Amino acid sequence: MENNISIDHNSPLPLHVQVEQLLREMIKDPAYQNGKLLPKEVDLAKRLGISRNTIRQATNKLVHENLLDRKKGVGTKVNKPSISTKLDNWFSFSKEMHKKGIDFKNYKVEVSWVNADEEIAAALQIKKATKVLKLERLKGFDKGPFVYFISYFHPRVGLTGTEDFEGYLYDILEKDHHTVPSISKEEISAMLADGRLSKMLGTKTGDPILFRKRLVCDPGDRPIEYNLGYYRADQFKYTIDIKR
């Protein structure tokens with residue numbers, strides 16, 4: 001790749017855009033996937049015959065997108081790929097990953113019936129100790145799991161526990177139980193993995209975990225699902241699009 005580094009100075013495409021495209025191609029190069037540093041900005045600028053500020057402008061954009069990691073005094077390298085999800089248009093996790101072309105597997109799918117404690121009862125707006133269906137799912141790639149979900153469902157939904165939860169959860173709710181997930185209320189925070197979570201997610205005790213609470217409601221704003229999600233922070237990120 002380094003021998004082919006060049007841009008077209010006669011192109012109407014702005015130089016910083018060309019550099020951005022060049023960097024995106026370099027990110028894909030297997031040579032830079034193993035921690036090798038990208039060329040220094042000053043060297044790249046000299047090689048391309050442009051200013052260092054133009055290189056910095058393009059690099060900043062990719063650093064902002066979390067594609068590159070730049071450390072002062074060290075250099076710039078490719079970040080390890082991570083799974084991301086957006087809050088502007090949400091699906092069930094499985095369907096969203098499928099739309100991204102990401103294949104994953106279920107390491108655990110477990111169904112049980114529990115009595116709602118105060119937290120669950122408050123979220124689902126039911127009486128404490130009401131019997132609710134609890135669904136636990138551990139998902140990941142061949143190399144290991146990266147997210148653990150615990151879901152509690154309002155009895156109104158009518159789940160029996162015999163459903164095939166290997167499929168898309170919200171399709172099951174809509175097609176089999178005429179319940180349409182329409183509103184998602186999210187709360188996101190950081191936490192440290194305890195012994196149980198670290199064992200399930202393949203991390204070390206005390207490693208950072210992204211913790212997300214989600215209350216899913218129907219079009220009438222009635223609670224359907226109270227979901228707790230625990231994500232490996234080194235393999236997952238949330239992105240938010242905000243329009244004015």
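Computed from a prediction, not measured in an experiment: that's the story for all the values here. We count residues from 1, following the sequence as given.
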Please tell me if the side chains of Leu48 and Leu22 come closer than 4.5 Å, counting only heavy atoms from C-beta onward. yes
If we only count heavy atoms from C-beta on, is the Val114 to Lys131 side-chain gap below 4.5 Å? no
Pairing of Asp194 and Arg196 as salt bridge, 4.0 angstrom limit: no
Using only atom types and a distance under 3.5 Å, with no angle test, would you say the side chain of Arg214 pairs donor to acceptor with the backbone of Leu228? no
Does His16 reach the main-chain N or O of Asn53 with its side chain, forming a donor-acceptor pair under 3.5 Å? no
Inter-residue atom distance Phe211.CZ - Met191.CE, 0.5 Å rounding: 6.5 Å
Check: Gly161 main-chain N/O paired with Glu163 side-chain donor or acceptor under 3.5 Å: yes
Between Thr203 and Ser198, is the side chain to side chain donor-acceptor pair (under 3.5 Å) condition met? List the steps. CA-CA 5 Å; Thr203 64; Ser198 61; 4.9 Å; no
Are Ile183 and Leu215 connected, step by step, through hydrophobic side chains (Ile, Leu, Val, Met, Phe, Trp, Tyr) whose heavy atoms are closer than 4.5 Å? no
Sorted by chain and residue number, the salt bridge (charged side-chain N to carboxylate O under 4.0 Å, His left out) partners of Lys46 (sequence neighbours excluded) come out as none
Is NZ or CZ of Lys105 both nearer than 6.0 Å to the six-membered ring centre of Tyr107 and within 45° of the ring axis? yes
Counting only N and O atoms by type, is there a donor-acceptor contact under 3.5 Å from the side chain of Thr59 to the main-chain atoms of Ile55? yes
A side-chain contact here means heavy atoms from C-beta on lying under 4.5 Å apart; do Lys36 and Lys77 qualify? no
Correct closest heavy-atom pair for Lys127 and Thr130 would be O-OG1, 2.6 Å
Give the C-alpha distance, both sets of side-chain angles, the deciding distance and a yes or no for salt bridge (charged side-chain N to carboxylate O under 4.0 Å, His left out) between Lys185 and Asp221. CA-CA 10 Å; Lys185 303 175 182 180; Asp221 202 24; 3.0 Å; yes
Linked, directly or transitively: Tyr170 and Phe165 (ILVMFWY side chains, under 4.5 Å): yes
If we only count heavy atoms from C-beta on, is the Glu41 to Arg70 side-chain gap below 4.5 Å? yes
Verify, without hydrogens or angle tests, whether His177 (side chain) and Thr179 (backbone) share a donor-acceptor contact under 3.5 angstrom. no
Run Arg137 and Glu166 through salt bridge (charged side-chain N to carboxylate O under 4.0 Å, His left out) and show every step you take. CA-CA 9 Å; Arg137 293 167 294 162; Glu166 295 282 349; over 6 Å; no
Over all heavy atoms of both residues, which pair between Pro155 and Ile126 is shortest? Give the atoms and the distance, please. CD-CG2, 4.3 Å
Look up atom CD1 in Ile27 and atom CG in Leu67, then write down how far apart they are to the nearest 0.5 Å. 4.5 Å
Nearest heavy-atom neighbours spanning Pro208 and Ala233: O-CB, 3.4 Å
Run the side-chain contact (heavy atoms from CB on, under 4.5 Å) test on Ile188 and Leu210 for me, step by step, so that the C-alpha distance in whole Å, both residues' side-chain angles and the decisive distance to 0.1 Å come before the verdict. CA-CA 7 Å; Ile188 304 168; Leu210 188 148; 3.9 Å; yes
Tell me whether Ile224 is reachable from Ile150 by hopping between hydrophobic residues (I, L, V, M, F, W, Y) whose side-chain heavy atoms are closer than 4.5 Å. no
Could you check Cys217 against Arg222 for side-chain contact (heavy atoms from CB on, under 4.5 Å), going step by step and ending with a plain yes or no? CA-CA 5 Å; Cys217 301; Arg222 299 181 303 172; 5.8 Å; no
Val180 with Leu169, same ILVMFWY side-chain cluster at under 4.5 Å: no
Does the Asp207 side chain pair with the main chain of Lys204, one donor and one acceptor, at a distance under 3.5 Å? yes
Can Asp29 and Arg24 be counted as an ion pair, charged N to O under 4.0 angstrom? no
Answer with yes or no after comparing the ring centroid distance for Phe146 and Tyr231 against a 6.0 Å cut-off, counting only values under it. no
Side chains of Asp218 and Ser182: do they bring a donor and an acceptor to under 3.5 Å? no
Set of salt bridge (charged side-chain N to carboxylate O under 4.0 Å, His left out) partners for Lys199, sequence neighbours left out: none
Listing request: all ring-ring contact (aromatic ring centres under 6.0 Å, His included) pairs with a residue in residues 110-136, at least two apart in sequence or in separate chains. none
Taking the side chain as C-beta and beyond, is there a heavy-atom pair between Val216 and Asn227 under 4.5 Å? no
Any side-chain to backbone donor/acceptor pair from Gln18 onto Leu13? Under 3.5 Å, distance only. yes
Under the side-chain contact (heavy atoms from CB on, under 4.5 Å) rule, what do Leu159 and Leu173 come out as? Steps first, then yes or no, please. CA-CA 8 Å; Leu159 291 169; Leu173 297 185; 4.0 Å; yes
State yes or no: do Leu133 and Tyr148 share one hydrophobic cluster built from I, L, V, M, F, W and Y residues joined by side-chain heavy-atom distances below 4.5 Å, directly or via other members? no
Would you indicate whether the side-chain heavy atoms of Leu15 and Ile7 approach each other to under 4.5 Å? yes
Can you tell me how far the NZ atom of Lys213 sits from the OH atom of Tyr226, to the nearest 0.5 Å? 4.0 Å
Would you please test Glu186 and Ser184 for side chain to side chain donor-acceptor pair (under 3.5 Å) and show each step? CA-CA 6 Å; Glu186 310 268 347; Ser184 178; 2.6 Å; yes
First locate atom CZ of Arg232, then atom CG of Leu197, and finally report the distance between them rounded to the nearest 0.5 Å. 12.0 Å
Should Arg212 and Glu187 count as an ion pair when the cut-off is N to O under 4.0 Å? no
Do the side chain of Asn106 and the main chain of Lys108 share a donor and acceptor less than 3.5 angstrom apart? no
Please walk me through it: do Leu23 and Leu38 pass side-chain contact (heavy atoms from CB on, under 4.5 Å)? CA-CA 9 Å; Leu23 290 174; Leu38 269 64; 3.9 Å; yes
